[in-house]
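To keep things clear, I will list the structure first and then write my remarks on it.
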Amino acid sequence: MRALGFVCVEVRQLQVTRIADLSRHEGEEVGIQGWLYNKRSSGSISFLIIRDGSGFVQAVAVKAELAPEVYELCDTVTQESSLRITGIVRRDARASGGYELTLTGIEIVALAQEYPISLKEHGADFLLDHRHLWIRGPRQHAALMVRNEVIAAAEGWLRSNGFVKVDAPILTPAACEGTSTLFETDYFGEKAYLSQSGQLYAEAAAMAFGKVYVYGPTFRAEKSKTRRHLIEFWMIEPEVAYADQDDNMVIQEQFVSHIVKSCLQNRRQELTLLGRDLSALEVIEPPFPRVTYDEAVDMLHAAGFEFTWGDDFGAPHEVAISQGFNKPVFVMNYPTQAKAFYMQPMPGRPEVVKCADLLAPEGYGEIIGGSERIHDLALMEQRMKEHKMAPEAYDWYLDLRRYGTVPHSGFGMGIERTVAWITGSEHIREMIPFPRLLNRIYP
RNA sequence: UCCUCGAUAGCUCAGCGGUAGAGCAACCGGCUGUUAACCGGUGGGUCGCAGGUUCGAAUCCUGCUCGGGGAGCCA
């Protein structure tokens with residue numbers, strides 16, 4: 001192998017193995033290329049914890065069994081130096097992953113400077129300033145691996161159930177929901193806004209492809225400063241033509257259950273590392289409990305909350321409502337005044353709409369918001385007028401009601417909130433590789 | 001925007017009117033099974049910024065800046 005800059009010891013060419021695959025090579029000598037996570041040494045034995053992106057493994061270097069220059073490298077290599085090693089795979093009860101390596105060779109690709117993130121505790125501000133390095137650590141690695149699983153499982157379920165992925169634009173001419181504050185930018189002299197939802201475009205696509213989903217980033221210029229909010233987050237938004245509210249909820253409970261099941265199946269090790277109580281996830285399967293907004297208000301009153309019918313629930317209310325359930329719970333049929341303009345009114349009860357929020361258990365709050373959409377042209381025009389929306393900006397959206405309109409429903413699931421629930425994490429900001437927070441856009 | 005807590009070594013913090021401290025990290029030394037390894041030693045500071053009170057301010061007061069937690073808004 002090629003030496004890069006520093007004193008290197010030739011490592012024999014061997015099949016390079018991913019740490020995650022070590023169990024398939026017990027007894028064999030393999031090559032690993034990665035980085036030094038941590039090192040402990042005691043004079044004539046050194047323990048190198050190496051990570052390669054797929055996992056972590058400890059390599060044991062015994063002075064008496066290695067050439068002096070090889071052991072010297074093991075003894076002096078610094079935290080987060082990049083290195084290639086060779087070693088014999090050995091099952092060992094003392095190893096955290098069940099396997100470790102008896103080191104036979106080492107090559108330092110690049111010796112790292114003094115690494116800022118020690119293995120001791122750090123504050124949030126410091127870690128967020130070093131997010132580009134922080135994601136190398138085991139807990140962050142595990143959480144982001146679960147994120148990857150959530151996304152893969154979500155898209156996998158949708159694709160295998162006939163949903164077509166359509167990509168909605170990020171630069172949009174006007175507000176989708178008209179409530180949140182938008183990021184404004186210049187579009188060759190015209191005002192443009194960063195998308196806060198792909199839903200309206202998903203509705204158009206549903207009329208073209210039947211079952212569709214949009215997956216993309218979402219931007220909210222709200223000055224939110226809580227552990228549940230990001231300025232930029234990712235949302236997956238399925239939309240189905242001819243689906244009513246009940247169809248919508250059935251899709252959601254199957255969809256969410258599949259995602260949880262995939263994480264339990266494929267990311268069990270990461271969830272365990274994060275200290276997640278797996279039994280709380282193992283019960284997640286259809287059907288999910290359903291309560292109406294009216295019932296939820298009664299529940300709040302019974303729990304001692306002062307709450308006026310017609311208001312939207314705040315975070316403490318959501319926690320209180322979900323506390324009675326060990327599965328995600330649908331809260332259905334909110335007051336029309338508390339919800340977006342496009343939601344279908346309940347027949348015979350125009351003061352509420354056919355919508356459902358899905359509240360995750362264990363106090364994680366809303367992870368999905370969904371509804372049946374208004375398909376009647378006249379009603380949609382009336383609602384847009386009530387919400388003081390400029391009809392010319394939404395003429396294309398009204399076209400969907402002019403040319404072959406059908407009842408349809410959809411929902412949006414926040415990826416980071418879902419990952420926070422599944423991993424049992426305190427903060428949503430660690431559920432995305434590079435969080436955009438209030439007053440923080442670095443790195 | 002509001003409420004609340006905070007800012008002292010590279011990091012995490014203690015000190016709360018009287019000479020600037022600890023652990024970790026770094027560096028040097030020791031140790032053949034370590035799991036945030038351990039043991040000994042060395043170097044390391046504009047105590048967030050500005051003003052005020054005082055013989056004397058990291059410490060008390062005022063303002064500002066930055067950050068944590070929460071609310072509202074939402075996924």
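All figures in this text were calculated on a predicted structure; none of them were measured in a lab.
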Closest approach to the side chain of [X], judged atom by atom: which nucleotide of [options] is it?
X      : options                : value
A/D312 : B/rA36, B/rC74, B/rC73 : B/rC74
A/F47  : B/rA75, B/rG69, B/rU34 : B/rU34
A/R94  : B/rA75, B/rU34, B/rA36 : B/rU34
A/M235 : B/rG33, B/rA26, B/rA75 : B/rA75
A/S41  : B/rC31, B/rA36, B/rU32 : B/rC31
A/K223 : B/rG72, B/rU34, B/rA75 : B/rG72
A/T226 : B/rG33, B/rG72, B/rC74 : B/rG72
A/K225 : B/rA75, B/rA36, B/rA71 : B/rA71
A/A124 : B/rA26, B/rU12, B/rG68 : B/rG68

Tell me whether the rings of [X] and [Y] are parallel (<30°), tilted (30 to 60°) or perpendicular (>60°).
X      : Y      : value
A/W157 : A/F255 : perpendicular
A/F330 : A/F288 : tilted
A/Y397 : A/Y394 : perpendicular

- Kindly compute the distance separating CD1 (A/I32) from CG (A/L22), expressed to the nearest 0.5 Å.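 Between A/I32 CD1 and A/L22 CG, I get 4.5 Å after rounding to 0.5 Å.
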- Item | Rounded distance (nearest 0.5 Å) linking atom CG of A/L358 with atom CD1 of A/I368 |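 The CG atom of A/L358 sits 5.0 Å away from the CD1 atom of A/I368.
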- Message: Check this for me: does the side-chain of A/S224 come within 3.5 Å of the base of B/rC74 through a donor and an acceptor?
- Response: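 Flag unset: no donor-acceptor pair detected.
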- Query: Does a distance-only test, which skips hydrogens and angles, find a donor-acceptor pair under 3.5 Å between the side chain of A/E426 and the base of B/rG69?
  - Reply: no
[atom1] atoms of [N] and [M], separation to the nearest Å:
N      : M      : atom1 : result
B/rC66 : B/rC49 : C1'   : 10 Å
B/rG48 : B/rC31 : C1'   : 43 Å
B/rG63 : B/rC3  : P     : 13 Å
B/rA20 : B/rU59 : P     : 13 Å

- Taking for A/F126 and for A/T102 the nucleotide of RNA chain B with the nearest heavy atom, the one nearer the 5' end belongs to A/F126
- Stacking check A/F233 vs B/rA75 (5.5 Å / 30 deg):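 Yes.
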